[in-house]
K.L.:
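Following this message is one structure expressed as structure tokens.
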Amino acid sequence: ASKSLSKSEMEKMKIESANSINDSNTDVESIQSEIKAVINKLDPIAKKDMKSKLETAGLPTAFNKITDVKTLNKILEVVSE
């Protein structure tokens, strides 16, 4: 038989679960911010070249909609070159 959890134990689990979700969102948002900062520093010609580099690497250019940390890190790597 399984042990039933007390109300405080359930609340603690909910908070821990919410925190882990928030951590991953923060990572995504911070990486997106880094990418945006790098791109904003570029002149228009360099931005066009960057778009081509991303497409050549098979990466999307609309990084704001991406929630996959690995993909965002790859984009950051390309734009930081």
Side-chain angles (χ1 to χ4, degrees):
S2 65
K3 172 188 155 194
S4 62
L5 298 172
S6 70
K7 206 172 193 178
S8 62
E9 287 174 321
M10 288 182 68
E11 286 300 315
K12 187 178 178 184
M13 287 175 65
K14 281 183 189 175
I15 291 168
E16 287 172 1
S17 167
N19 285 344
S20 67
I21 291 169
N22 288 341
D23 288 347
S24 66
N25 287 346
T26 304
D27 289 344
V28 167
E29 289 170 8
S30 66
I31 296 168
Q32 287 173 337
S33 295
E34 282 184 64
I35 294 168
K36 192 172 187 176
V38 171
I39 291 173
N40 285 340
K41 291 178 186 175
L42 301 174
D43 60 69
I45 295 169
K47 285 181 184 178
K48 190 175 179 183
D49 292 344
M50 187 57 55
K51 186 176 179 181
S52 296
K53 278 185 182 180
L54 288 171
E55 288 169 350
T56 301
L59 295 168
T61 55
F63 63 88
N64 290 344
K65 297 177 183 174
I66 298 170
T67 56
D68 179 48
V69 175
K70 288 180 184 177
T71 304
L72 286 169
N73 280 323
K74 287 178 187 175
I75 293 171
L76 182 59
E77 194 176 299
V78 170
V79 299
S80 297
E81 289 176 351

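Owing to the predicted nature of the structure, the values given are computational and were not obtained by experimental measurement. Sequence positions, counted from 1, serve as the residue numbers for this chain. Any value given below was found using the heavy atoms of this structure, including those in side chains, with hydrogens, waters and symmetry copies removed.
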K.L.:
Would you indicate whether the side-chain heavy atoms of K74 and V78 approach each other to under 4.5 Å?
P.N.:
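The answer is no, as the side chains (C-beta and beyond) never meet within the 4.5 Å cut-off.
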K.L.:
Please name all residues satisfying side-chain contact (heavy atoms from CB on, under 4.5 Å) with T71, sequence neighbours left out, ordered by chain then number.
P.N.:
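For T71, the residues satisfying side-chain contact (heavy atoms from CB on, under 4.5 Å) (neighbours in sequence not counted) are L59, P60, I66, D68, I75.
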K.L.:
Could you tell me whether the side chain of S80 and the main chain of E77 form a donor-acceptor pair under 3.5 Å?
P.N.:
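Answer holds: no.
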K.L.:
Looking at I39 and F63, what are the two nearest heavy atoms and their distance?
P.N.:
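Of all heavy-atom pairs spanning I39 and F63, the closest is CD1-CE2, 3.7 Å.
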K.L.:
Provide the closest heavy-atom pair for I35 versus L72 in the form atom of the first, atom of the second, distance.
P.N.:
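Heavy atoms of I35 and L72 come nearest at CD1-O, 3.6 Å.
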K.L.:
Indicate every side-chain donor-acceptor pair of residues 40-57 with a distance under 3.5 Å to a residue at least two apart or in another chain.
P.N.:
from: N40; atom 1: ND2; to: K36; atom 2: O; distance (Å): 3.3
from: D43; atom 1: OD1; to: I45; atom 2: N; distance (Å): 3.0
from: D43; atom 1: OD1; to: A46; atom 2: N; distance (Å): 2.9
from: S52; atom 1: OG; to: K48; atom 2: O; distance (Å): 3.4
from: T56; atom 1: OG1; to: S52; atom 2: O; distance (Å): 2.8

